[in-house]
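Worksheet: the structure to be examined is printed underneath.
Chain naming here is simple, since letters A, B, ... match the order of the sequence lines and numbering starts at 1 in each.
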Protein chains: 2
Amino acid sequence: MRIVITTCTVNYQGRLASHLPKAQRLIMVKADGSISIHADDRAYKPLNWMNPPCLIHETTENDEIVWSVSNKQGELLVITMHEVHHEVSAELGDDPGLQKDGVEAHLQELLATHVETLGEGFELVRREFPTPIGPVDLLCKDKDGYIAVEVKRRGEIDGVEQLTRYLDALNLDPQLTPVRGMFVAQEIKPQALTLAEHRNIRCLSVDYDELRGMTDPQARLF
Amino acid sequence: MRIVITTCTVNYQGRLASHLPKAQRLIMVKADGSISIHADDRAYKPLNWMNPPCLIHETTENDEIVWSVSNKQGELLVITMHEVHHEVSAELGDDPGLQKDGVEAHLQELLATHVETLGEGFELVRREFPTPIGPVDLLCKDKDGYIAVEVKRRGEIDGVEQLTRYLDALNLDPQLTPVRGMFVAQEIKPQALTLAEHRNIRCLSVDYDELRGMTDPQARLF
DNA sequence: CTGTTCATCTCGTAA
DNA sequence: TTACGAGGTGAACAG
């Protein structure tokens, strides 16, 4: 990792064209060759960046240091440093990586082992049930037939569209039809709820922690 | 802006839960109070972060510095620094900001002034034509009636769904119906193309630079 | 404020 | 390699 605090101008030509006027910024060069340019606000997003793999070529023109960063896709990032105020290097080494808990996959897992919470007499047929246009999160069955369940952390309109496409595909199969739809999320947006109801898709909000408690009452990863 | 290179462990509890084992990392505190934690790879994304506005509370426990970062939503980021290897501060000042050229809005603008490239005899009725569920990018007209045009930089399946919803809404209006659909993008994914054709939506790939050339042959912002 | 949509989205994963 | 969906998506803009 190399950190340079510098007064610079930046031009990017690639997926779009962009320009940063002369100002003081922080440039971060990482061990994988990637580069990012940060202003003094916004935690998340750099002003400009180049993802690895990329090549940094340094030249000097009229007392100005110029970095030309290019990648295989033909994108080009040119940083002209008018003045360098500070510079540090440090070897951080490999990172053991981020452990996550509470993403959609976990919710799907928990629901798969507790399909009875989705509806009376529900039985799991398969997780990730394949269709020609992609897998349905859960395929369940009760006394009236099959139910395709779409699981989301946050239920929005896109999820309802996705489930609708799956239902269309599944209902082409005479072995399965009629297949009902069910939309399950920790939180369902009003728009999504309205669209789902309009399409006769049942909606259910579930609580992740509560669901986890059913499997393992004292579970808490961290 | 404050930069700290430190051996640390990090815990986040908020929209999900996550944990970073002890390792050397770079912590960036920006002038707006936001904070991000970087490993030595990936240009774009920090391992962990907290967006402004947030509050940083520093304590010391057994020779370890602990930063508790919280926000109004009740999210909590706890950084425990076991060792600090380097530290810098710098006032960067306000950034003049990034100027962009080539985003979807520009493409829509160009197409609006050249609707004849979309189809013979096409005339523009309105950009951002309002419907109950949101504005259609372009509403055009030819001798056979109205055409709703959805403009995307990259045409994917979501865009086709969006256009379909607009068409459904527009065709409820007896003054307009029948409204045909048209999907225009610099690049259209095969899946989107298939779905669009299946719904009788015409697809067109356009070249941004070529289109811009029609308006202003020597135009080139940077 | 909410809701909607774009993004140089990034990033993982599975076919 | 490509395609697809999730994301602590973030960020901008309209209502």
Item to complete: Scan side-chain atoms only and decide if D173(A) and Y146(A) contain a donor-acceptor pair under the 3.5 Å cut-off.
Response: no

Worksheet item: Between atom CD1 in I188(B) and atom C1' in dA3(D), what is the gap in whole Å?
Response: 16 Å

Item to complete: Grab the CG-C1' distance between D137(B) and dC6(C) for me, whole Å please.
Response: 11 Å

Worksheet entry | Sole residue of I201(A), V151(A), L118(A), D137(A) in side chain to side chain contact (heavy atoms under 4.5 Å, CB included) with M182(A) | L118(A)

Worksheet item: Q186(B) CD to dT8(C) P: how many Å, rounded?
Response: 13 Å

Worksheet entry | Euclidean distance for P, dT4(C) against dT8(C) (whole angstrom) | 22 Å

Practice prompt. Let me know the distance between CD of E156(A) and C1' of dA6(D), rounded to the nearest Å.
Written response: 11 Å

Discussion item. Each nucleotide in nucleotides 10-15 of chain D should get exactly one letter: B, S or -. Can you fill that in based on protein heavy atoms under 4.0 Å?
Written reply: SS----

Worksheet item: Which nucleotide sits closest to the side chain of E104(A): dG8(D), dA6(D), dT4(C)?
Response: dA6(D)

Worksheet, complete the sentence: Considering only heavy side-chain atoms of E150(B), the closest of dA3(D), dA6(D), dC6(C) is dC6(C)

Worksheet item: For I157(A) and G14(A), take the nucleotide of DNA chain C holding the closest heavy atom to each; which residue's nucleotide lies nearer the 5' end?
Response: I157(A)

Worksheet item: Mind checking whether Y44(A) and W49(B) have parallel, tilted or perpendicular rings, split at 30° and 60°?
Response: perpendicular

Practice prompt. Show your reasoning for whether salt bridge (charged side-chain N to carboxylate O under 4.0 Å, His left out) applies to E150(B) and K152(B).
Written response: CA-CA 7 Å; E150(B) 179 66 33; K152(B) 288 264 177 263; 3.2 Å; yes

Item to complete: Please state how far atom CG in L195(A) lies from atom C1' in dG3(C), giving the value in whole angstrom units.
Response: 15 Å

Practice prompt. Tell me what L98(B) touches on the nucleic acid: a base, only sugar-phosphate, or nothing, going by heavy atoms under 4.0 Å.
Written response: base

Discussion item. Within the 3.5 Å criterion, strictly below it, is a donor on T177(A) or N171(A) matched to an acceptor on the partner's side chain?
Written reply: yes

Item to complete: Could you state the atom-to-atom distance from CZ of R154(A) to P of dT4(C) in whole Å?
Response: 12 Å

Worksheet item: Using 30° and 60° as the class limits, which term best fits the ring planes of H38(A) and H38(B): parallel, tilted or perpendicular?
Response: perpendicular

Discussion item. Without decimals, in angstroms, what is the distance between M50(A) CE and dT10(C) P?
Written reply: 11 Å

Worksheet item: With a 3.5 Å cut-off and no angle check, do the side chains of S34(A) and R42(B) form a donor-acceptor pair?
Response: no

Worksheet item: Within the pair Y208(A) and dG8(D), is there a side-chain N or O less than 4.0 Å away from OP1 or OP2?
Response: no

Worksheet item: Do any side-chain nitrogens or oxygens of K189(A) fall under 4.0 Å of OP1 or OP2 in dG3(C)?
Response: no

Worksheet item: Out of dT8(C), dG5(D), dT5(C), which nucleotide sits closest to the side chain of Q162(A)?
Response: dG5(D)

Worksheet item: Looking at the side chain of K100(B), which of dT5(C), dA6(D), dT8(C) is the nearest nucleotide?
Response: dT8(C)

Item to complete: In whole angstrom, give the distance that lies between atom CG of D158(A) and atom C1' of dG3(C).
Response: 13 Å

